[in-house]
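Let me begin by presenting the structure, written as structure tokens, before commenting on it.
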Amino acid sequence: MSEKASVLLVGAGGVGAIAALNLDTGGQADVTAVLRSSYEKVVNEGLHIKSIDHGEIQGWRPSNVLNKIPSRTEKEFDYVVLATKNIADHHPTPAELIEPAVVPGKTVIVLIQNGLNIEKPFLSKFPDNICLSGVSMIGSHETSPAFIEHEDSDRLIVGAFKNPNFSKGKQEQVAQEFVKIYGAGGKTVCTFTDNVLYDRWQKLVYNACLNTICAVTGLDTGRMRLADDAVSTLVRPAMNEIVTAAYACGIELPEDIVQRMIDVDPLTIYFKPSMLEDVQRGNLTEFENLLGEPLREGTARGVAMPTATFFYHTLKAMQWKFKEQKGLIDIPPKTA
């Protein structure tokens with residue numbers, strides 16, 4: 001490339017920091033990162049990264065660091081990459097958040113986020129922009145502000161969400177261009193897919209089930225497997241429901257997908273999925289896109305999903321509690 005692509009990356013936590021580093025390492029992108037809680041620390045000290053792919057890096061910064069979304073009148077970006085949590089039931093939503101920076105007809109929106117139907121608000125709000133799906137397979141966490149531990153190699157699967165205002169060929173071309181930019185440094189495996197729903201449903205077998213059930217029970221994935229009949233009565237039935245829902249939606253997943261997702265985390269690393277970490281910190285969770293959307297898609301097609309239904313409504317009640325704790329909900333005062 002004769003000129004670097006301008007990238008606005010929103011959210012430099014465990015996933016976003018490694019994404020920014022990969023884009024920078026490849027030399028084909030100029031990265032502006034938008035940070036919130038870690039902004040001051042990154043500006044003053046940089047990011048401290050211990051990475052299985054990149055080694056140990058002290059004091060690294062993207063090309064530019066901001067603490068708010070810039071306006072398109074300040075700078076026009078080729079890509080806006082979202083690597084934040086997707087809290088669909090709280091404002092501002094991710095689509096609302098990035099609106100000031102999106103140039104109609106130009107900016108490519110890249111969603112490195114989990115869940116199903118996450119593209120719908122973006123396609124509605126930005127019909128003249130191509131929107132890409134990024135399914136991230138990575139073990140990376142922000143252990144404290146600006147400190148990143150990256151323990152499982154980064155693998156990113158990129159494809160285009162279907163926007164009827166663009167040809168399939170044009171959208172796939174844009175997706176493949178981003179794959180080249182992201183993987184140019186040779187430190188990550190970034191691949192193109194022409195079937196984004198397949199990859200999203202496959203990851204949902206883990207995220208809609210183990211991620212959510214760990215959050216409700218307080219068990220990590222290792223203890224979940226050790227805890228008497230938790231796998232046979234909770235995890236496996238939930239995963240089978242997601243596989244059946246996917247099939248009803250036209251997505252046939254591999255026969256071994258349930259057992260593979262149960263065993264994906266080595267037992268004795270006692271891995272805490274992201275939603276369990278959020279619950280333990282009192283943070284809002286991504287339950288709507290991780291569980292609510294596949295539940296709605298499945299039940300709309302006649303799939304019985306009793307296990308998923310129970311955990312969805314449990315997480316919905318827990319979300320209400322966290323909103324109350326954060327002052328986001330007004331309740332009547334206690335009477336004498």
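Because the structure is predicted, anything quoted here is derived from the model rather than measured. Computation of the quantities below employed the complete heavy-atom set of this structure, encompassing side-chain atoms and omitting hydrogens, waters and symmetry-equivalent molecules. Counting from 1, the numbers follow the sequence of the chain as shown.
With ring centers used as reference points, F271 lies under 6.0 Å from H141.
D152 and S140 share no side-chain donor-acceptor pair at under 3.5 Å. Using modelled atom types, one finds a donor on one side chain and an acceptor on the other under 3.5 Å when comparing D265 with Y206. Using modelled atom types and a 3.5 Å distance limit, the side chains of D199 and T193 yield a donor-acceptor pair. Between the side chains of E288 and Y312, at least one donor N or O sits under 3.5 Å from an acceptor N or O. Side-chain contact annotation: D278 with T285, donor-acceptor N/O pair under 3.5 Å absent. Under 3.5 Å, the side chains of N22 and Y182 contain a donor-acceptor pair of N or O atoms.
A salt bridge is absent between E119 and R200; no separation between the charged side-chain nitrogens and carboxylate oxygens falls under 4.0 Å. With respect to the salt-bridge test (charged N to carboxylate O, under 4.0 angstrom), the residues K106 and D128 do not qualify. Residues K180 and E177 are not paired through a salt bridge, judged by the lack of any N-O separation under 4.0 Å between the basic side chain and the carboxylate. Salt-bridge check for K4 with D78: failed, with every basic side-chain N at 4.0 Å or more from each acidic carboxylate O. Ion pairing between E76 and R72 fails under the 4.0 Å rule for side-chain N and carboxylate O.
Within a 6.0 Å radius of NZ in K272, other residues, nucleotides and ligands contribute 12 heavy atoms or fewer. Within 6.0 Å of the CD atom in E252, the count of heavy atoms belonging to other residues, nucleotides or ligands does not exceed 12. In this structure, D256 places its CG atom where more than 12 heavy-atom neighbours from other residues, nucleotides or ligands lie under 6.0 Å away. The local environment of CZ in R260 is crowded, with over 12 non-hydrogen atoms from other residues, nucleotides or ligands closer than 6.0 Å. Within a 6.0 Å radius of CZ in F192, other residues, nucleotides and ligands contribute more than 12 heavy atoms. The number of heavy-atom neighbours closer than 6.0 Å to CD of E255, taken from other residues, nucleotides and ligands shown, is 12 or below.
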Which donor-acceptor pairs under 3.5 Å do the side chains of residues 322-329 make with protein atoms, sequence neighbours left out?
unit_1, atom_1, unit_2, atom_2, d
K323, NZ, D89, O, 2.9
K323, NZ, D89, OD2, 3.0
K326, NZ, G282, O, 3.4

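A 4.5 Å side-chain heavy-atom check between Q280 and L276 finds at least one atom pair inside the cut-off.
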